[in-house]
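Atoms within each ligand, like the ligands themselves, are counted from 1 in listed order. Side chains included, hydrogens not; waters and symmetry mates left out as well; all remaining heavy atoms used.
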Amino acid sequence: MSSENERPRNRDDPAAVQRLDEETVDRIAAGEVVTRPARVVGELLDNSLDAGASSVRVAVDGDGTEHIRVADDGHGMRREDARLAVERHATSKLRDAAELQSATSLGFRGEALPSIAEAGRLELVTSDGSEPGTRLVVEDGEPVVTDTGRARGTTVVVRDLFADRPARRESLGSAGTEFARVSDLVARYALTRPDVAVSLIHDGRELFSTPGSGEYADALLSVYDRHVASRSTTFTHETPVETAGEHQPVRVEGVLVYPSTTRSDRSHIRTAVNQRPVVDEGLRRAVERAYGSLLPDGRHPVAVVACDLPPATVDANVHPAKAEVALSVRQAVEAAVERGVNEALTTADLRRSGELSMELEESLEAKTGASVLDAATVLGQFQELYILCQEDDELLVVDQHAAHERVNYERLQAAVEGAGIETVTLDPPETLSLSPAAAAVVADRGDALATLGFEATPFGGSTVKLSTVPAPMGRPADADAFRETVAAMARGAEPASVQDDVLADLACHPSLKAGDELSTERAAALVERVGRCEQPFACPHGRPTVLSIEAGTLAAGFERGAR
Ligand code: ADP
Ligand code: MG
């Protein structure tokens with residue numbers, strides 16, 4: 001055995017692993033660490049980042065219970081530290097209870113590796129750069145150590161997770177659900193830590209790989225695609241907050257995708273606090289408030305927002321999964337996030353006016369047939385959201401977004417029924433990992449998907465290759481629109497209603513938004529065009545496009561008496 005590696009180390013060495021004393025153990029928030037594969041991946045990622053890794057590769061097979069592998073190029077461990085690391089409450093990150101308040105590392109409980117070793121088969125290959133490296137497997141609770149070659153860094157492999165815990169296995173979701181949790185988690189780390197190169201491999205196929213350039217935009221491009229990333233803006237915002245009578249800076253930064261790209265839930269708002277990726281609903285809501293009326297109803301943005309706060313205001317010791325943090329100045333931080341995001345969106349050229357006006361002209365092309373709104377005269381625009389018109393003795397209020405959506409929607413329907421929907425080819429095709437049920441839809445219902453502009457082929461396991469997406473208005477749909485479509489079909493939704501939903505979604509994005517200024521001519525063209533629609537008075541989501549107020553209502557309001 002190498003004497004170099006077994007030499008007792010200096011207690012002050014920051015990487016030295018030591019057992020925590022009882023007082024500290026008692027003060028650490030307790031809770032089960034390993035409940036599902038994503039939690040294992042999260043703990044291993046935390047360890048890699050705490051080890052100062054500049055690159056972390058995560059590989060998972062199936063739902064993650066078979067095989068998880070996390071490899072980093074961090075500072076690694078010496079043999080004696082590796083041995084201690086798999087013992088409970090042994091950590092290099094905390095010396096005593098006093099340090100608990102100021103811990104800036106992602107881990108500090110010394111519980112992850114022993115818990116993982118209990119729940120599955122743990123193998124650790126590590127080296128601090130000195131020869132030879134250490135391979136450690138835990139067998140029947142005992143670490144067995146051998147020599148091995150490895151460059152500086154650590155690889156942890158976990159197999160057969162929960163193999164002898166049937167109750168735990170029972171509580172897991174489907175393979176698709178569990179892997180979705182893993183990929184969401186790894187994406188959160190990749191997006192909020194653009195300084196680290198993070199990659200995710202599923203069943204041998206790489207789903208994404210960020211360059212570690214430190215640029216949020218680069219990470220966004222790697223995790224999403226160029227259609228999403230090309231419509232985004234990075235931002236930084238700094239503001240002082242008062243804590244303990246002192247003004248200290250709060251820094252907010254990240255990348256915001258323009259509201260023409262949205263999602264059906266809040267999970268694509270990724271947040272971090274002091275380099276710790278956290279799922280924080282309060283911060284997410286602050287981001288969403290800043291997008292405000294730019295978002296269509298019921299839709300949510302894609303955004304990455306990282307906050308840098310005075311360490312004394314953050315307590316990470318509140319949640320065993322460390323997913324949430326306690327902020328002593330939460331209100332001020334949320335206000336800073338809201339302001340920072342809002343300012344960035346206000347300065348960003350969201351409308352990219354050229355594109356929008358072209359789209360508008362095209363969608364307002366004359367359509368034969370009578371317009372039910374022929375007799376309406378445009379009076380003007382109210383709040384850059386409503387078009388006010390006069391028609392006989394009625395005041396019409398047209399919701400410009402809803403009306404434009406209706407027009408676009410009917411154009412799309414006509415396209416699907418006629419020459420087919422316009423598509424763009426993805427080169428190279430996008431590789432997507434789906435739930436088994438969704439993958440089955442791709443295998444069995446290719447025709448229905450092709451009608452909607454999605455061409456996809458099964459590619460082994462539940463992976464598919466997506467080679468075309470609909471782009472009826474010059475703007476291609478993204479892979480998430482495809483995921484939503486196959487998920488709806490997998491849930492057994494009627495083909496016609498799936499088609500309607502996809503078209504309504506495609507119609508929404510290029511439509512005029514609140515805040516789009518319209519000339520009187522264009523407003524008139526829109527009113528006249530929506531009047532020629534088959535169903536002029538409702539948007540594809542069922543909301544009204546036009547409200548009418550009779551002169552009599554106004555007269556009554558002004559107490560002019562009935563006329
Ligand atoms: P904690 O992270 O709370 O300290 P863990 O059980 O996760 O507890 O890890 C125990 C110790 O093992 C860590 O404190 C660290 O010293 C060491 N360690 C774990 N993973 C790595 C890694 N990827 N690189 C270097 N050291 C590691
Ligand atoms: Mg840890």
Side-chain angles (χ1 to χ4, degrees), residues 5 9-21 24-25 27-34 38-59 68-97 99-100 102-120 122-130 133-138 141 143 145 150-158 185 189 193 196-198 275-277 316-317 319-323:
N5 233 334
R9 71 190 310 165
N10 182 347
R11 208 191 118 89
D12 295 332
D13 182 331
V17 178
Q18 294 166 35
R19 283 185 203 90
L20 292 171
D21 59 49
T24 313
V25 169
R27 287 181 52 185
I28 285 176
E32 203 177 347
V33 182
V34 180
R39 287 292 305 280
V40 172
V41 175
E43 291 292 340
L44 298 179
L45 270 169
D46 281 352
N47 283 346
S48 295
L49 296 182
D50 282 344
S54 59
S55 154
V56 190
R57 293 180 72 74
V58 179
I68 293 171
R69 181 176 186 275
V70 175
D72 68 49
D73 62 353
H75 60 52
M77 282 176 267
R78 293 167 46 128
R79 186 158 298 179
E80 60 189 285
D81 291 325
R83 274 212 176 99
L84 266 173
V86 295
E87 286 188 23
R88 209 158 274 281
H89 303 307
T91 179
S92 58
K93 302 167 194 175
L94 209 62
R95 293 287 174 257
D96 54 39
E99 283 182 21
L100 200 52
S102 55
T104 54
S105 55
L106 300 173
F108 48 73
R109 293 178 168 87
E111 283 186 317
L113 291 182
S115 304
I116 294 167
E118 263 177 37
L122 177 81
E123 177 187 336
L124 207 134
V125 176
T126 187
S127 162
D128 68 346
S130 54
T134 298
R135 176 171 178 274
L136 182 153
V137 287
V138 180
V145 167
R150 199 210 188 278
R152 201 186 78 131
T154 301
T155 304
V156 179
V157 178
V158 183
L185 174 116
Y189 279 75
R193 289 296 303 268
V196 180
V198 177
Q275 307 262 74
R276 178 189 298 279
N317 188 31
H319 193 280
K322 295 165 285 178

### Query
Considering only heavy atoms, does Ala51 approach ligand 1 within less than 4.0 Å through its side chain, its backbone, both, or neither?
side chain
### Query
For Gly74, is the nearest heavy atom under 4.0 Å from an atom of ligand 1?
no
### Summary
Sorted by chain and residue number, the side chain to side chain donor-acceptor pair (under 3.5 Å) partners of Arg19 (sequence neighbours excluded) come out as Glu87
### Query
Is any side-chain heavy atom of Tyr189 closer than 4.5 Å to a side-chain heavy atom of Leu49?
yes
### Message
Restricting to N/O/S atoms, is Asn47 within less than 2.8 Å of the Mg ion (ligand 2) or not?
### Response
yes
### Message
Are Leu124 and Met77 packed together at the side-chain level, in the sense that at least one heavy-atom pair is separated by less than 4.5 angstrom?
### Response
yes
### Query
Considering only heavy atoms, does Leu113 approach ligand 1 within less than 4.0 Å through its side chain, its backbone, both, or neither?
both
### Message
Once rounded to the nearest 0.5 Å, what's the spacing between atom CG of Leu113 and atom CG of Leu44?
### Response
7.0 Å
### Modelled atom types, side-chain donor and acceptor of Thr134 and Arg79, under 3.5 Å
yes
### Query
Taking heavy atoms and a distance under 4.0 Å, where does Thr126 meet ligand 1: side chain, backbone, both or neither?
neither
### Message
Any heavy atom of Ala90 closer to ligand 1 than 4.0 angstrom?
### Response
yes
### Message
Let's go through Leu45 and Val58 carefully: what are the C-alpha distance in whole Å and the side-chain angles of both, what is the deciding distance for side chain to side chain contact (heavy atoms under 4.5 Å, CB included) to 0.1 Å, and is it a yes or a no?
### Response
CA-CA 8 Å; Leu45 270 169; Val58 179; 4.1 Å; yes
### Message
Please state which option from His89, Gln18, Met77, Arg78 has its nearest heavy atom closest to atom 17 (C) of ligand 1.
### Response
Met77
### Message
Heavy-atom pairs closer than 4.0 Å: do any link ligand 1 to the side chain of Thr91, the backbone, both, or neither?
### Response
both
### Task
Would you kindly specify which portion of His75 sits under 4.0 Å from ligand 1, judged on non-hydrogen atoms: side chain, backbone, both or neither?
side chain
### Message
Just by distance, no angles: are the side chains of Ser55 and Asp72 close enough, under 3.5 Å, to form a donor-acceptor pair?
### Response
no
### Contacting atoms of ligand 1, where contact means under 4.0 angstrom from a heavy atom of Glu111
6 (O), 8 (O)
### Query
Are any of the N/O atoms in Thr154 less than 3.5 Å from those in ligand 1?
yes
### Task
Return yes if a side-chain donor-acceptor contact under 3.5 Å exists between Arg150 and Thr155, otherwise no.
yes
### Task
Can you sort out which atoms of ligand 1 are near Val17, meaning under 4.0 Å from one of its heavy atoms?
16 (O)
### Query
Does ligand 1 have any atom that is closer than 4.0 Å to a heavy atom of Pro114?
yes
### Query
For Arg88, does the CZ atom have more than 12 heavy-atom neighbours from other residues, nucleotides or ligands under 6.0 Å away?
yes
### Query
Any N/O of Ser92 closer than 3.5 Å to an N/O of ligand 1?
yes
